[in-house]
Q: 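The structure under discussion is supplied below as structure tokens; questions concerning it will follow.
Chain letters run A, B, ... following the sequence lines, proteins first and then strands; every chain starts at 1. As the structure is a computational prediction, the values presented were derived from the model and not from experiment.
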There are 2 protein chains.
Amino acid sequence: MGLTKTEEFTKAQNEMAVLAKALGHPARIAILQFLIKTKSCVCGDIVEELPLSQSTVSQHLKELKNAGLIKGDIEGPSVCYCIDEKTWSKAKAQLDKLFDSYKEPGCC
Amino acid sequence: MGLTKTEEFTKAQNEMAVLAKALGHPARIAILQFLIKTKSCVCGDIVEELPLSQSTVSQHLKELKNAGLIKGDIEGPSVCYCIDEKTWSKAKAQLDKLFDSYKEPGCC
DNA sequence: GCTATATATCGTAATATTACGATATAAGGT
DNA sequence: ACCTTATATCGTAATATTACGATATATAGC
């Protein structure tokens with residue numbers, strides 16, 4: 001056991017879970033905020049900004065990339081990361097939909 | 001190792017990460033959608049709705065409760081779960097803020 | 001108090017995540 | 001080709017998550 005039963009859920013549910021999971025770590029929130037703030041999408045400056053080692057930051061960047069939230073362009077010897085607009089707006093839309101589907105205060 | 005360095009990040013970053021992490025599993029997305037759909041916030045019917053065992057569902061409910069997204073009222077022999085309005089709108093606001101802070105398409 | 005039903009918790013096993021140092025890879029400059 | 005710099009990957013260790021069956025707990029009804 002210990003393996004998420006993805007096949008048992010809908011595509012939409014799995015997609016949303018993947019996106020939310022990628023946001024489910026303070027370091028990754030911090031990375032995204034930093035990428036948004038410094039529009040120039042400075043690359044390895046993230047390592048200096050975060051209280052984590054270079055390899056750990058690289059791992060978090062990889063996960064954000066896997067989820068599709070960011071993309072990385074090679075730029076000389078370094079890599080330039082930035083928000084992937086398409087997935088970003090998709091994530092926003094999906095989460096908005098979930099949050100907005102709750103209207104009335106239920107029963108308890 | 002293997003322990004998230006929560007102290008190194010801001011309160012807001014950690015809070016958002018906790019909320020997102022709670023949403024980071026398809027079963028928990030399914031549970032929330034079900035709770036919203038059946039306004040009567042039927043309790044253990046969730047177990048019948050999901051392709052998971054009773055104990056596993058109970059574990060997921062516990063995590064959603066820990067994150068504050070839902071609350072459970074004892075109602076006779078069973079428990080009535082429903083969305084916790086306060087945390088729900090807080091989560092919505094925090095995520096909205098993150099998503100909306102991205103405007104221009106960066107560089108790459 | 002006993003019984004049935006509904007949830008929660010415990011114990012356990014498998015897999016995943018987080019983190020780091022060390023090492024590998026890739027690109028630019030000399 | 002060599003060196004430097006920037007990132008990525010590997011190996012490893014600790015902790016967390018996911019899942020289930022079995023057992024405990026709690027409440028209503030008898």
Q: Measure from the side chain of B:T4, starting at C-beta and using heavy atoms only, and say which of D:dA8, C:dA8, C:dT18 lies closest.
A: C:dT18
Q: Checking all strands, does A:E63 fall into the base, sugar-phosphate, or nothing category for heavy-atom contacts under 4.0 angstrom?
A: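 Result for A:E63 = sugar-phosphate.
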Q: Got a donor-acceptor pair under 3.5 Å from the side chain of B:Q59 to the base of C:dA8?
A: no
Q: Do nucleotides 25-30 of chain C as a string where each nucleotide becomes B, S or -: B if the base has a protein heavy atom under 4.0 Å, S if just the sugar-phosphate does, - if no protein is that close.
A: --SS--
Q: What is the distance from atom CD1 of B:I46 to atom CG of B:L52, rounded to the nearest 0.5 Å?
A: 11.5 Å
Q: Would you tell me if any nitrogen or oxygen in the side chain of B:H60 comes within less than 4.0 Å of OP1 or OP2 on D:dA19?
A: yes
Q: Between A:K62 (NZ) and C:dA19 (C1'), how many Å, whole number?
A: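 These atoms are roughly 15 Å apart.
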Q: A:Q54 near the nucleic acid: base, sugar-phosphate alone, or nothing, with a heavy-atom cut-off under 4.0 Å?
A: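 Here A:Q54 touches the bases of the nucleic acid.
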Q: Could you list by number each residue of residues 21-30 of chain B showing a heavy-atom separation from DNA chain D of less than 4.0 Å, or answer none if no residue does?
A: B:K21, B:H25, B:R28
Q: Would you give the length of the straight line joining atom CZ of B:F99 to atom CG of A:D96, rounded to the nearest 0.5 angstrom?
A: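 If I round to the nearest 0.5 Å, the distance is 8.5 Å.
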Q: Whole Å only: how far is the CG atom of A:L64 from the P atom of C:dT18?
A: 10 Å
Q: Rounded to the nearest Å, what distance is computed from the CD1 atom of residue A:I46 to the C1' atom of nucleotide D:dA8?
A: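 Answer to the nearest Å: 14 Å.
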Q: For B:E85, is there any backbone N or O sitting under 3.5 Å from a side-chain donor or acceptor partner on B:S89?
A: yes
Q: Hey, does A:L19 have a side-chain heavy atom less than 4.5 Å from the side chain of A:L23?
A: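 In short, these two side chains do not touch, never coming nearer than 4.5 Å.
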Q: For the residue pair A:H25 and B:F9, does the interplanar ring angle fall in the parallel (under 30°), tilted (30 to 60°) or perpendicular (over 60°) class?
A: perpendicular
Q: Take atom NZ of A:K71 and atom P of D:dT7, then tell me their distance rounded to the nearest Å.
A: 18 Å
Q: Taking only N and O in the side chain of B:S53, is any of them less than 4.0 Å away from OP1 or OP2 of D:dA19?
A: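 Answer no for this pair, as no side-chain N or O of B:S53 is under 4.0 Å from OP1 or OP2.
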Q: Write down the distance between CG (A:L52) and C1' (D:dT7), rounded to a whole number of angstrom.
A: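 Whole-Å distance recorded here is 16 Å.
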Q: Do you see a donor-acceptor pair shorter than 3.5 Å between the side chains of B:S53 and B:S55?
A: yes
Q: Just to confirm, is there a sub-4.0 Å distance from OP1 or OP2 of C:dC20 to any side-chain nitrogen or oxygen of A:S55?
A: no
Q: Nearest whole angstrom, please: distance from the C1' of D:dA6 to the CG of A:L61.
A: 13 Å
Q: Examine D:dA6: is either OP1 or OP2 under 4.0 Å from a nitrogen or oxygen in the side chain of A:Y81? Give yes or no.
A: no
Q: Is it true that a side-chain atom of A:D84 and a backbone atom of A:K71 form a donor plus acceptor pair closer than 3.5 Å?
A: no
Q: What's the separation between atom OG1 in A:T87 and atom CD in A:Q94, rounded to the nearest 0.5 Å?
A: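 Taking OG1 in A:T87 and CD in A:Q94, the distance rounds to 10.0 Å.
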Q: I want to confirm an ordering. Mapping A:T6 and A:G44 to their closest nucleotides on DNA chain D, which one lands closer to the 5' end?
A: A:G44
Q: Output the distance between atom CZ (A:R28) and atom CD (A:Q33), rounded to the nearest 0.5 Å.
A: 13.5 Å
Q: Rounded to the nearest 0.5 Å, what separation is found between the CD atom of B:E63 and the CG atom of B:L69?
A: 11.5 Å
Q: Rounding to an integer number of Å, can you tell me how far A:K5 NZ sits from C:dT15 C1'?
A: 15 Å
Q: Whether A:S58 contacts D:dA8 is assessed here as follows: a side-chain N or O lying under 4.0 Å from the phosphate OP1 or OP2. Is that the case?
A: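 Yes, because at least one side-chain N or O of A:S58 sits under 4.0 Å from OP1 or OP2 of D:dA8.
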Q: Between P on D:dC20 and CG on A:L3, what's the gap in Å once rounded to a whole number?
A: 11 Å
